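Working notes, structure below.
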Number of protein chains: 2
Amino acid sequence: MSLEPLKQLALAGDIGSSVAISSAKFAQRLKTSPQTASRKLQALEEENLITRKVLSNGQEVTITEEGMLALWKEYREYQQIFGEIEDLRLTGLVCTGLGEGRYYVMLEGYLRQFEQKLGFTPYPGTLNIELSPHSITTRKKLQITDNIPLIGFEDGERTFGSVKCFRARINDLHGAIIIPNRKNYPDNVVEIVAPVNLREHLSVSDGSEVEVVLCRA
Amino acid sequence: MSLEPLKQLALAGDIGSSVAISSAKFAQRLKTSPQTASRKLQALEEENLITRKVLSNGQEVTITEEGMLALWKEYREYQQIFGEIEDLRLTGLVCTGLGEGRYYVMLEGYLRQFEQKLGFTPYPGTLNIELSPHSITTRKKLQITDNIPLIGFEDGERTFGSVKCFRARINDLHGAIIIPNRKNYPDNVVEIVAPVNLREHLSVSDGSEVEVVLCRA
DNA sequence: ATTACTAGTTTCCGAGTAA
DNA sequence: TTTACTCGGAAACTAGTAA
């Protein structure tokens, strides 16, 4: 049986304590009919995942230890999937981009958002990094973590798309990974912005190996 | 549609990269028939949660960004449920137990396990704490976190049940919460074991308020 | 307003078949 | 071996009714 109903009960109240809920309200959470919701509650009780007191104006549900364990087990599986994501680091080689980075970064529409959301004025230009094969899959994981979104804009002539930003450190220098939300944007490169000229401060040039560590929390 | 099939795919391979899997193997994971497994894969593709290349000897499946986001969203819900569990602390008043604690702790069958699994020889006796109302629900959460299990045993005359242990600090003194896996064990008290006499070292007596902080990791 | 049961419909599953 | 189809039976859902 699916854990979805049990999970919704856990979300409805503080796990460990009881929740007062009616079949109708529970149905809304499950996006189903009150009849089905009622049956789900009966089934959960049958499986000893919850205990409940049926009252005239609803019911009072408590998740049992067995039920909590079932949810916990599920949680652990998701931790397995995403756990490694907590410590994300990308490695690759410095390369020369198309020179567009400088142009985009300097645009008013992006510049202000950088200052507001990242807290620094970016050096006009981006450091392009060609990712190692392993880092390419890591980059994919990156895309689903919480990011700082820069919203797109128009300037009359053309439109500029939204961008995902991720705070990161590159050799202890604070900066950010930027990934444009553009279809066909290559998945084997990332661009870094920072308040300083990274090529100078890091003493790197094309072909230098660098490591970018994501800042969490 | 349930996320279970997608979750299983994520568990089968490293998220972000592709997985080679046949319907038959996938069916084993889902505990269903190959036919159903095959249909599930078709459905996931239909919903743009995966892309796949069907080969003569199986298929190669990649979870899309949309699919990863769906899993991530689910993960976050479980984090909501269990997140607070990371920092567990119980408060309550010191009370006098039935004097059984001393007897049980001194039993060979438990004593050795304490030494092996907790790394200290417990002072012969337990500190009983009557939990505050809020801590009672916290205690319920405690029961589902990872614990150090002491296994039950017999001594010819009677059987002694298994016990859950949790490393904890009580006013910076190292010890452990112990909860017997016994039905009808009261849920409003916990017992603490420590290498020293806690009543002395903490200068507490019946009615003193104490805080127990769970040790994590 | 509830919960819970009955009935009718729909969806889903799994065996068999084809490619 | 695969994947993907069809088809009969089982399970689950929704609507309606009763308490």
Side-chain angles (χ1 to χ4, degrees), chain A residues 1-15 17-64 66-67 70-71 73-74 77, chain B residues 1-15 17-64 66-67 70-71 73-74 77:
Chain A
M1 146 127 192
S2 165
L3 277 185
E4 182 64 22
L6 190 59
K7 187 195 73 181
Q8 289 298 337
L9 277 175
L11 286 169
D14 190 26
I15 197 170
S17 57
S18 59
V19 199
I21 198 165
S22 70
S23 293
K25 289 232 176 89
F26 192 42
Q28 290 181 339
R29 277 193 166 272
L30 292 183
K31 287 168 185 164
T32 183
S33 66
Q35 293 90 334
T36 297
S38 176
R39 255 186 309 104
K40 293 290 185 192
L41 289 173
Q42 291 174 51
L44 287 172
E45 188 179 34
E46 188 67 29
E47 295 180 80
N48 293 317
L49 298 175
I50 62 169
T51 57
R52 61 193 185 122
K53 288 177 189 161
V54 179
L55 310 168
S56 54
N57 62 333
Q59 37 197 306
E60 198 175 299
V61 175
T62 309
I63 298 177
T64 63
E66 194 177 337
L71 289 170
K73 200 177 155 194
E74 188 78 359
E77 293 198 326
Chain B
M1 147 122 190
S2 167
L3 277 185
E4 184 63 23
L6 190 60
K7 188 195 72 181
Q8 288 299 336
L9 278 176
L11 286 169
D14 191 26
I15 197 169
S17 57
S18 60
V19 200
I21 198 164
S22 69
S23 292
K25 290 234 177 86
F26 192 43
Q28 290 182 338
R29 278 195 166 270
L30 292 183
K31 288 170 185 165
T32 184
S33 65
Q35 294 91 332
T36 297
S38 176
R39 257 185 292 112
K40 293 289 184 193
L41 289 172
Q42 291 174 52
L44 287 172
E45 188 180 33
E46 188 67 31
E47 295 180 80
N48 294 317
L49 298 176
I50 62 169
T51 58
R52 62 194 186 122
K53 289 176 188 161
V54 180
L55 310 168
S56 54
N57 62 335
Q59 38 197 308
E60 199 175 299
V61 176
T62 310
I63 299 177
T64 64
E66 194 179 336
L71 289 171
K73 200 177 154 194
E74 189 77 0
E77 292 198 324

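Predicted, not measured: the structure shown is a model, and the values here were computed from it. Convention: sequence-line order gives letters A, B, ...; per-chain numbering from 1.
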Exercise for review: Could you check B:T32 against B:K40 for side chain to side chain contact (heavy atoms under 4.5 Å, CB included), going step by step and ending with a plain yes or no?
Suggested key: CA-CA 11 Å; B:T32 184; B:K40 293 289 184 193; 5.9 Å; no
Check your understanding: In whole angstrom, what separates A:L44's CG from C:dT3's P?
Key -> 14 Å
Review point. D:dT2 phosphate, OP1 or OP2: any side-chain N/O from B:K25 under 4.0 angstrom?
Key: no
Check your understanding: Would one find a side-chain N or O of A:Q35 under 4.0 angstrom from OP1 or OP2 of C:dT3?
Key -> no
Exercise for review: Give the rounded distance in Å between these two atoms: CG of B:L30 and P of C:dC12.
Suggested key: 15 Å
Review point. Taking OP1 and OP2 of D:dT3, is either one under 4.0 Å from a side-chain nitrogen or oxygen of B:S23?
Key: yes
**Study point:** From C:dT2, D:dA4, C:dA4, nucleotide with atom closest to A:R52 side chain
**Key:** C:dA4
**Study point:** Nearest-angstrom distance from the residue atom CD of B:Q28 to P of C:dG14
**Key:** 14 Å
Check your understanding: For the pair made of NZ in A:K31 and C1' in D:dA12, what is the distance, rounded to whole Å?
Key -> 20 Å
Review point. Is there a side-chain polar atom (N or O) of B:Q59 under 4.0 Å from OP1 or OP2 of D:dT3?
Key: yes
Review point. Taking the side chain from A:T64 and the backbone from A:L49, do they hold a donor-acceptor pair closer than 3.5 Å?
Key: yes
Practice item. Side chain of B:K40 only, please: which of C:dT2, C:dC13, D:dC5 is the nearest? Key: C:dC13
Check your understanding: Would you say a side-chain N or O of A:T32 is under 4.0 Å from OP1 or OP2 of D:dT14?
Key -> yes
Point to revise | Side-chain donor-acceptor pair present, A:E4, A:Q8, cut-off under 3.5 Å | key: yes
Exercise for review: Using only side-chain N and O atoms of B:S38, determine if any of them is under 4.0 Å from OP1 or OP2 of D:dT3.
Suggested key: no
Point to revise | Rounded distance in Å - NZ (A:K53) to C1' (C:dA4) | key: 21 Å
Review point. Whole-Å distance between C:dA4 C1' and A:E46 CD?
Key: 14 Å
Check your understanding: Just how far, in rounded Å, is P of D:dA19 from CG of A:N57?
Key -> 21 Å
Practice item. Round to the nearest Å and state the distance from A:L41 atom CG to D:dC13 atom P. Key: 13 Å
Review point. Could A:K7 and A:E74 be called an ion pair, given the rule that one side-chain N must be under 4.0 Å from one carboxylate O?
Key: no
Point to revise | Under 4.0 angstrom between A:R39 side-chain N/O and C:dT6 OP1 or OP2 | key: no
Point to revise | Closest approach of B:L3 to B:A70 (non-hydrogen atoms, all atoms of both residues) | key: CD1-O, 3.6 Å
Point to revise | Under-4.0 Å side-chain N/O to phosphate OP1/OP2 contact, B:Q42 with D:dA4 | key: yes
Practice item. Classify the nucleic acid contact of A:T36 as base, sugar-phosphate or nothing, counting any heavy atom under 4.0 Å across all strands shown. Key: base
